[in-house]
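This report concerns only the one structure given below.
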Amino acid sequence: MADGFIRWYRESAATSVFAEQVELFQEHGIALSHPARGAAVVLDVEGEGVPMRQEELGRLLGHRIASITMNWWFSANINVIDEFAYEPLGCEIQTFWLQGLAPDEMRHVESAVVAAATRLPVPTRAVIVDRRGVSDPEDWDSMVLYDGDRAPRFPDGVLTQGHIAEKLVRTSPGLTREEAGAGLCWLAPAQTT
């Protein structure tokens, strides 16, 4: 079992939407720049924080030359690690690790990612919300990237396109489905009383 995570799969945009994502996250109380350092913090191969200007980070992400791991900040001491990767299939993947966050902070990250997925002008394939870590992030690649039929154990919720939603409903009976806009729907386990 993995740590809790949120994994966002989206189509690669002709122009990076990173600056717009930063603005949307700020609306949810999550900043890219460290409050004390005044710069974004990228993690090097040893996991050490390297300060970087937000514009420079955006430029690197826009070139799509490598995967980058960075921090998003609630405060100077509370952060979310974000692994930003590109797939040769024309897909960008961001994995936000939720370990160490309080439930309210997890909800803020989820709200920020869902807002970005539904409001940015880049088609989203899926957002996997697994706060408890019942699956591994890579377990979702088969279904989301390669049109596979097998799904891992269902997490807390999935925001996805219709054809993926249909597969999930078939493999995980008892899900509720709610339209979320931007051609996406929200799937979650039915609540029992």
Side-chain angles (χ1 to χ4, degrees), residues 2-102 104-131 133 136-138 140-141 144-145 159 182 184:
D3 290 320
F5 65 91
I6 296 173
R7 189 165 174 99
W8 180 16
Y9 297 86
R10 65 179 179 265
E11 303 298 328
S12 291
T15 304
S16 176
V17 295
F18 186 66
E20 293 88 345
Q21 180 184 345
V22 170
E23 290 176 18
L24 281 170
F25 275 39
Q26 287 175 334
E27 291 175 14
H28 293 273
I30 305 167
L32 181 63
S33 293
H34 186 276
R37 292 182 176 179
V41 178
V42 176
L43 302 179
D44 67 15
V45 294
E46 282 91 29
E48 297 296 322
V50 178
M52 181 177 286
R53 287 186 3 262
Q54 180 177 322
E55 298 77 20
E56 180 66 12
L57 177 56
R59 190 180 70 74
L60 286 174
L61 290 169
H63 285 305
R64 298 175 175 88
I65 55 176
S67 297
I68 295 177
T69 303
M70 66 191 102
N71 285 317
W72 293 88
W73 302 93
F74 283 101
S75 70
N77 299 321
I78 301 173
N79 67 299
V80 178
I81 295 174
D82 174 11
E83 296 174 354
F84 199 113
Y86 299 97
E87 291 295 320
L89 304 168
C91 189
E92 300 173 357
I93 303 171
Q94 281 186 267
T95 305
F96 301 86
W97 295 99
L98 304 177
Q99 69 268 22
L101 296 181
D104 187 51
E105 293 160 343
M106 289 182 196
R107 283 189 292 277
H108 278 284
V109 176
E110 179 181 336
S111 294
V113 173
V114 168
T118 57
R119 291 171 50 190
L120 290 177
V122 178
T124 289
R125 292 186 187 187
V127 174
I128 312 302
V129 178
D130 191 347
R131 292 183 291 273
D136 286 312
E138 293 81 14
W140 291 93
D141 290 356
V144 177
L145 294 176
L159 178 73
L184 301 170

Any [X] side-chain heavy atom under 4.5 Å of [Y] side chain:
{"X": "P137", "Y": "I128", "answer": "no"}
{"X": "I93", "Y": "L145", "answer": "yes"}
{"X": "Y86", "Y": "L61", "answer": "yes"}
{"X": "I30", "Y": "E105", "answer": "no"}

Problem - Heavy-atom closest contact (A117 atom, L159 atom, distance) - result: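 Closest approach of A117 to L159: CB-CD2, 3.9 Å.
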Rounded to the nearest 0.5 Å, what's the gap from [atom1] on [X] to [atom2] on [Y]? Could you check?
{"X": "T69", "Y": "D82", "atom1": "OG1", "atom2": "CG", "result": "8.0 Å"}
{"X": "F96", "Y": "E110", "atom1": "CZ", "atom2": "CD", "result": "12.0 Å"}
{"X": "M52", "Y": "M70", "atom1": "CE", "atom2": "CE", "result": "10.0 Å"}
{"X": "L101", "Y": "Q99", "atom1": "CG", "atom2": "CD", "result": "7.5 Å"}

Exercise for the section: Please confirm whether the backbone N or O of E48 pairs with a side-chain atom of D44, one donor and one acceptor, at under 3.5 Å? Expected result: yes
Problem - Check: D136 side chain, E138 main-chain N or O, donor-acceptor pair, under 3.5 Å - result: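 A pair under 3.5 Å: no.
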Problem - salt_bridge(R59, E56) N-O dist < 4.0 Å - result: yes
Handout entry: Which residues share a side chain to side chain donor-acceptor pair (under 3.5 Å) with N71, sequence neighbours left out
Key = N79
Exercise for the section: Quick one: list whatever passes side chain to side chain contact (heavy atoms under 4.5 Å, CB included) with A115, sequence neighbours left out. Expected result: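 Result, side chain to side chain contact (heavy atoms under 4.5 Å, CB included) vs A115: H28, R119.
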Exercise for the section: Compute whether any side-chain donor of one residue and acceptor of the other, for T124 and R10, lie under 3.5 angstrom apart. Expected result: no
Problem - Pair E83-W97, side-chain donor/acceptor within less than 3.5 Å - result: yes
N/O donor-acceptor pairs under 3.5 Å from side chains in residues 31-43, not counting sequence neighbours:
from: H34; atom 1: ND1; to: A36; atom 2: N; distance (Å): 3.0
from: H34; atom 1: ND1; to: R37; atom 2: N; distance (Å): 3.1
from: H34; atom 1: NE2; to: A76; atom 2: O; distance (Å): 3.1

Handout entry: W72 and F25 aromatic ring geometry - parallel, tilted or perpendicular at 30°/60° bounds
Key =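 If you compare the ring of F25 with that of W72, the planes turn out tilted.
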